[in-house]
Asker: 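Have a look at this one before I ask anything.
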Amino acid sequence: MATHLLTGAGSGIGAALADMLHARGDSLLLVGRSPERAGELAERWQGAETLVADLSDPGAIAGLDLPASLDSVVHAAGAVSLGGVGDLSVKEWRTQLDVNLLAPAELTRLALPALRAARGTVVFVNSGAGLRANPDWAAYAASKHGLRALADALRAEERANGVRVTSVYPGRTATPMQERVHQQEGKEYDAGEWIRAETVADAILHALDLPRDATIPDVTVSPGP
């Protein structure tokens with residue numbers, strides 16, 4: 001039975017992946033931003049273990065107690081705040097860089113001994129914004145471009161240790177975060193227009209289950225025609 005450490009399991013892609021892994025009997029270690037949130041996660045996925053860490057404070061992650069072996073670490077948590085470079089505050093920049101880049105870097109660092117022990121897989125749920133930057137997306141895109149660099153460097157560093165690294169670049173996906181983005185853009189939100197969270201989770205699951213003779217460095221999931 002495989003053991004997976006997930007961030008962002010409270011909603012969206014992370015929740016869809018947690019459903020899939022839990023349904024097949026895998027062990028889950030879920031990160032919640034507060035004791036209350038961790039309790040909600042434990043109640044939803046019976047038998048799952050939880051850790052409390054506010055990813056907007058990457059320094060606090062250092063105190064987490066991780067298991068000796070992990071088959072995967074999936075970084076699905078994220079934060080987004082749109083605005084032009086001339087308008088974004090330092091706080092808005094800092095929150096997105098902390099949650100989207102620095103927290104994954106620190107959590108991965110702490111998990112590496114356990115990942116090496118299991119020859120596990122790290123999955124970074126990135127974004128189309130990690131491949132290109134559009135107006136009003138500077139801070140979010142910068143954090144996701146950085147996440148891409150983190151994944152590429154980690155992949156090269158850990159290849160000899162048997163640790164696989166996959167970046168997933170979803171297009172717009174029907175999640176609560178996407179609904180908030182639409183609100184910031186002043187647009188009507190219709191979940192049916194976008195990729196289902198379960199579709200992206202299925203791509204992640206494929207990367208996790210890939211036989212050991214191959215790896216998937218990058219996968220882009222785009223809305224259908």
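Counting from 1, the numbers follow the sequence of the chain as shown. No hydrogens, no waters, no symmetry mates; every other heavy atom, side chains included, goes into these values.
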Asker: Taking atom CZ of Arg44 as the centre, report whether more than 12 heavy atoms of other residues, nucleotides or ligands fall under 6.0 Å from it.
Answerer: yes
Asker: Can you tell whether the side chains of Arg24 and Asp209 come within less than 4.0 Å, N to carboxylate O?
Answerer: yes
Asker: Should Val74 and Val31 be counted in the same cluster of Ile, Leu, Val, Met, Phe, Trp and Tyr side chains packed under 4.5 Å apart?
Answerer: no
Asker: Quick one: do Val99 and Tyr169 end up in the same hydrophobic cluster if we chain Ile, Leu, Val, Met, Phe, Trp and Tyr together by side-chain heavy atoms under 4.5 Å apart?
Answerer: no
Asker: Backbone N or O of Ser143 within a donor-acceptor pair of the Arg148 side chain at under 3.5 Å?
Answerer: no
Asker: Under 4.5 Å between any side-chain heavy atoms of Pro104 and Leu147, yes or no?
Answerer: yes
Asker: Is it possible for you to say whether Val125 and Leu41 belong to one hydrophobic cluster, with membership spreading through side-chain heavy-atom contacts below 4.5 Å?
Answerer: yes
Asker: Among Arg172, Glu193, Gln183, find the residue that satisfies the side chain to side chain donor-acceptor pair (under 3.5 Å) test when tested with Gln178.
Answerer: Arg172
Asker: Is there a chain of hydrophobic side chains (I, L, V, M, F, W, Y, each step under 4.5 Å between heavy atoms) that links Met20 to Ile204?
Answerer: yes
Asker: Can you tell me if Thr173 uses its side chain to pair, donor with acceptor, with the backbone of Gly171 under 3.5 Å?
Answerer: yes
Asker: Could you tell me whether Asp71 and Arg119 make a salt bridge, using a distance below 4.0 angstrom between a side-chain N and a carboxylate O?
Answerer: no
Asker: For the side chain of Thr166 and the backbone of Ile216, is there at least one donor-acceptor N/O pair under 3.5 Å apart?
Answerer: yes
Asker: Quick one: pull up CG in Leu97 and OH in Tyr140 and give me the separation to the nearest 0.5 Å.
Answerer: 12.5 Å
Asker: Which heavy-atom pair separates Gly78 from Asn100 by the least distance, and what is that distance?
Answerer: CA-OD1, 3.2 Å
Asker: Which atoms form the tightest heavy-atom contact between Ala174 and Ala191, and what is the distance?
Answerer: CB-O, 3.6 Å
Asker: Can you confirm whether Gln46 is buried at CD, in the sense that more than 12 heavy atoms of other residues, nucleotides or ligands lie under 6.0 Å from that atom?
Answerer: yes
Asker: Compare all side-chain heavy atoms of Ile13 with those of Pro170 and state whether any distance is below 4.5 angstrom.
Answerer: yes
Asker: Distance from Glu198 atom CD to Asp202 atom CG, nearest 0.5 Å?
Answerer: 10.0 Å
Asker: Mind checking the CD1-OG1 spacing from Ile195 to Thr175? Nearest 0.5 Å is all I need.
Answerer: 10.5 Å
Asker: Between the side chain of Asn126 and the main-chain N/O of Lys144, is any donor-acceptor distance below 3.5 Å?
Answerer: yes
Asker: Mind listing the closest non-hydrogen atom pair of Ala62 and Glu106 along with its distance?
Answerer: CB-OE2, 3.8 Å
Asker: Hey, does Asp19 have a side-chain heavy atom less than 4.5 Å from the side chain of Trp45?
Answerer: yes
Asker: Check the pair Arg116, Leu70 against side chain to side chain contact (heavy atoms under 4.5 Å, CB included), reporting the backbone distance first and the verdict last.
Answerer: CA-CA 8 Å; Arg116 291 166 180 162; Leu70 283 168; over 6 Å; no
Asker: If hydrophobic clusters are built by linking Ile, Leu, Val, Met, Phe, Trp and Tyr wherever their side-chain heavy atoms come under 4.5 Å apart, do Val123 and Leu28 end up in the same one?
Answerer: yes
Asker: Does the Asn161 side chain pair with the main chain of Val163, one donor and one acceptor, at a distance under 3.5 Å?
Answerer: no
Asker: Work out which heavy atom in Ala79 is nearest to a heavy atom in Thr95; give both atom names and the distance.
Answerer: CB-CG2, 4.3 Å
Asker: Starting at CD of Glu49, measure out to CG of Leu5 and round the result to the nearest 0.5 Å.
Answerer: 10.5 Å
Asker: Test your reading of the model: is there a side-chain donor-acceptor pair from Asp26 to the backbone of Met1, 3.5 Å cut-off?
Answerer: no
Asker: Less than 4.5 Å apart, any side-chain heavy atom of Val168 and any of Asp218?
Answerer: no
Asker: Would you confirm whether Gln96, through its side chain, and Glu92, through its main-chain N or O, come within 3.5 Å as a donor-acceptor pair?
Answerer: yes
Asker: With heavy-atom distances below 4.5 Å as the criterion, would you say the side chains of Leu110 and Ile61 are in contact?
Answerer: yes
Asker: Does the side chain of Asp98 come within less than 4.5 Å of Asp57's, by heavy atoms?
Answerer: no
Asker: Would Asp136 and Val85 satisfy side chain to side chain contact (heavy atoms under 4.5 Å, CB included), going step by step from the backbone distance to the final call?
Answerer: CA-CA 7 Å; Asp136 295 327; Val85 174; over 6 Å; no
Asker: To check you understand the geometry: which heavy-atom pair defines the closest contact between Leu82 and Glu185, and what is its length?
Answerer: CD1-CG, 3.6 Å
Asker: For the backbone of Ala141 and the side chain of His145, can you confirm whether one donor and one acceptor N or O come within less than 3.5 Å of each other?
Answerer: yes
Asker: For the OG atom of Ser81 and the CG atom of Leu88, what is their distance to the nearest 0.5 Å?
Answerer: 6.0 Å
Asker: Check the pair Leu115 / Val73 against side chain to side chain contact (heavy atoms under 4.5 Å, CB included), numbers first and verdict last.
Answerer: CA-CA 8 Å; Leu115 286 161; Val73 174; 3.9 Å; yes
Asker: Side chains of His182 and Trp194, heavy atoms from C-beta outward: is any pair under 4.5 Å?
Answerer: yes
Asker: Does the side chain of Phe124 come within less than 4.5 Å of Val165's, by heavy atoms?
Answerer: yes
Asker: Please walk me through it: do His75 and Thr7 pass side chain to side chain donor-acceptor pair (under 3.5 Å)?
Answerer: CA-CA 5 Å; His75 300 282; Thr7 70; 4.6 Å; no
Asker: Atom CG of Leu55 and atom CG of Leu101: how far apart are they, to the nearest 0.5 Å?
Answerer: 12.5 Å
Asker: Verify side chain to side chain contact (heavy atoms under 4.5 Å, CB included) between Tyr189 and Val181, making sure each step is shown before the conclusion.
Answerer: CA-CA 9 Å; Tyr189 175 69; Val181 166; over 6 Å; no
Asker: Is there a donor-acceptor pair closer than 3.5 Å between any side-chain N or O of Arg164 and the backbone N or O of Ala214?
Answerer: yes
Asker: Does Thr108 use its side chain to pair, donor to acceptor, with the backbone of Ala105 at less than 3.5 Å?
Answerer: no
Asker: Which heavy atom in Val52 sits nearest to a heavy atom in Ala38, and how many Å separate them?
Answerer: CG2-CB, 3.9 Å
